[in-house]
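To start, the structure under review is shown below, and the notes come after it.
Any value given below was found using the heavy atoms of this structure, including those in side chains, with hydrogens, waters and symmetry copies removed.
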Amino acid sequence: MREYYENNLYSIEKIGILYNSTQMIDMLLNDRHFKIPFNSITVKKGELVVSKNEQSEFVYFIRKGIVALKHENYIFDFLKPNDFVGLYELSEKENSIFDIVAVKETELVRFKKADILWKVLSYQEGLFYYLHNMNKILIKSIEKQSILLMFTEKKIIVSLINLLERFGNATEEGYSLPKEFTNKLISEYTKCHLTTMFTIFKDLQSSRAIVSTGKPYVYNIDRLKQLEKSLNFQTKKGVRS
């Protein structure tokens, strides 16, 4: 079975290489034979790109910046440059399941959904671009649900590792998140009350996982991973429930 998937042109891994977001935006922007209209827009920090429960006729590609996928007061995920926004809802009649908000000033390329669908269907293997993006959303949904079921300390540590690996900036002391990732934003991402989060942050500081509490915080990502492994061991031994 393993050999089959390794040799199969259309395995999930190979689709991710051949039909990822980089390949898709190149196809959308640079195909001389079948051009579709697009325009570039800039969204200021805090502005809505898409409103939840409203129909949107557009798909966006992030050139620069970060957006948050919010559901009520909870942040499902953040998207960064080279990600598509709204590609998981190709029908113009589908309502968005998220409020999509700019975390910082964000530059977007905007396409009409109908144009993208028409272009994708014009390629023999065009639907693989869509499949790849849907697979990313599915994997993220499973990972997120798994994290939210963890006890609070582990949930915060795993979420911090995730954010630092995707958005972290290296410093002399460790890694920091962009200044826009405030404690309130991290609280909404982890679904933890701010008071609870501050208590755990004090423990992380004592454990040298947080090196500095200036603005922004500086984290020791290796120490965070050590703490995660320690908590995994405790859970297996039945110390934690």
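Using modelled atom types, one finds no donor on one side chain facing an acceptor on the other under 3.5 Å when comparing Ser21 with Asp83.
In the hydrophobic clustering of this structure, Val85 does not group with Leu48; members are Ile, Leu, Val, Met, Phe, Trp, Tyr whose side-chain heavy atoms approach within less than 4.5 Å, directly or through other members. Placement of Ile161 and Leu231 within a single hydrophobic cluster is found when ILVMFWY residues are connected by side-chain heavy-atom separations under 4.5 Å, directly or transitively. No path of Ile, Leu, Val, Met, Phe, Trp and Tyr side chains, each step under 4.5 Å between heavy atoms, connects Leu227 with Val158, placing them in separate hydrophobic clusters. Put simply, Val218 and Leu163 are part of two different groups of oily side chains (I, L, V, M, F, W, Y) that touch within less than 4.5 Å, one to the next. Residue Val101 is not grouped with residue Val49 when hydrophobic side chains (ILVMFWY) are merged at heavy-atom distances under 4.5 angstrom, including chains of intermediate members.
By the neighbour-count criterion of 12 heavy atoms within 6.0 Å, atom OH of Tyr175 is sparsely surrounded, having that number or fewer from other residues, nucleotides or ligands. Taking a 6.0 Å sphere around CG of Asn39, one finds it holds more than 12 heavy atoms contributed by other residues, nucleotides or ligands. Annotation: Lys140, atom NZ; neighbour count of heavy atoms from other residues, nucleotides and ligands within 6.0 Å is above 12.
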So Ile62 and Asn82, side-chain contact (heavy atoms from CB on, under 4.5 Å) or not? Walk me through it. CA-CA 6 Å; Ile62 304 175; Asn82 218 35; over 6 Å; no

With side-chain contact (heavy atoms from CB on, under 4.5 Å) as the test, would you mind laying out the steps for Phe76 and His71 before giving the verdict? CA-CA 7 Å; Phe76 170 73; His71 183 74; 5.8 Å; no

Under the side-chain contact (heavy atoms from CB on, under 4.5 Å) criterion, do Lys155 and Leu148 qualify, and how do the steps go? CA-CA 6 Å; Lys155 177 169 59 175; Leu148 291 178; 4.0 Å; yes

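By the 30° and 60° cut-offs, the orientation of the rings of Tyr189 relative to Phe78 is tilted. Using the six-membered ring where Trp is involved, Phe181 and Phe167 have ring planes that are tilted, between 30° and 60° apart.
Pairing each heavy atom of Thr152 with each of Cys192, the nearest pair is CG2-SG, 3.7 Å. Taking all atoms of both residues into account, the shortest heavy-atom contact from Asn183 to Met197 is O-CE, 3.0 Å. What you find for Arg110 and Tyr60 is that their closest heavy atoms are CD-CE2, 3.4 Å. The minimum heavy-atom distance between Met27 and Lys119, with the atom names listed, is O-NZ, 3.1 Å. Closest of all the heavy-atom pairs between Pro178 and Ile66 is CG-CD1, 4.5 Å. Considering all non-hydrogen atoms of both residues, Ser176 and Leu164 come closest at C-CD2, 4.2 Å.
Applying the side chain to side chain donor-acceptor pair (under 3.5 Å) criterion to Lys225, with sequence neighbours excluded, gives Glu165. Every residue two or more places apart in sequence or in another chain that forms a side chain to side chain donor-acceptor pair (under 3.5 Å) with Asp77 is listed here: Arg166.
Counting only heavy atoms from C-beta outward, the side chains of Arg223 and Ser207 approach each other to under 4.5 Å. Between Met24 and Val120, the closest side-chain pair of non-hydrogen atoms falls below 4.5 Å. By the 4.5 Å heavy-atom criterion applied to side chains, Ser159 and Ile186 are not counted as neighbours. Counting heavy atoms from C-beta outward, Leu28 and Asp115 have side chains that stay 4.5 Å or more apart. By the 4.5 Å heavy-atom criterion applied to side chains, Leu204 and Ile157 are counted as neighbours. Residues Leu194 and Ser187 form a side-chain contact, since some pair of their non-hydrogen atoms from C-beta on lies under 4.5 Å apart. The side-chain heavy atoms of Val109 and Arg63, taken from C-beta on, include a pair separated by under 4.5 Å.
In this structure, the side chain of Ser141 engages the main chain of Ile137 through a donor-acceptor pair within 3.5 Å. Here the side chain of Lys112 pairs no donor or acceptor atom with the backbone of Glu57 at under 3.5 angstrom.
Atom NZ of Lys215 and atom NZ of Lys179 lie 11.5 Å apart (nearest 0.5 Å). Atom OG1 of Thr106 and atom NZ of Lys80 lie 13.5 Å apart (nearest 0.5 Å). The NZ atom of Lys202 sits 10.5 Å away from atom OG1 of Thr213, with the distance rounded to the nearest 0.5 Å. The structure places CG of Asn220 at 10.5 Å from CD of Glu173, a figure rounded to the nearest 0.5 Å. A distance of 10.0 Å separates CG of Leu185 from OG1 of Thr190, quoted to the nearest 0.5 Å. With rounding to the nearest 0.5 Å, the separation of CD1 in Ile100 from NZ in Lys70 is 12.5 Å.
Ring to ring, Phe201 and Tyr217 are close: their centroids are under 6.0 angstrom apart.
The one candidate from Phe58, Phe111, Phe61 that meets the ring pair (Phe, Tyr, Trp, His ring centres under 6.0 Å) condition with Phe84 is Phe61.
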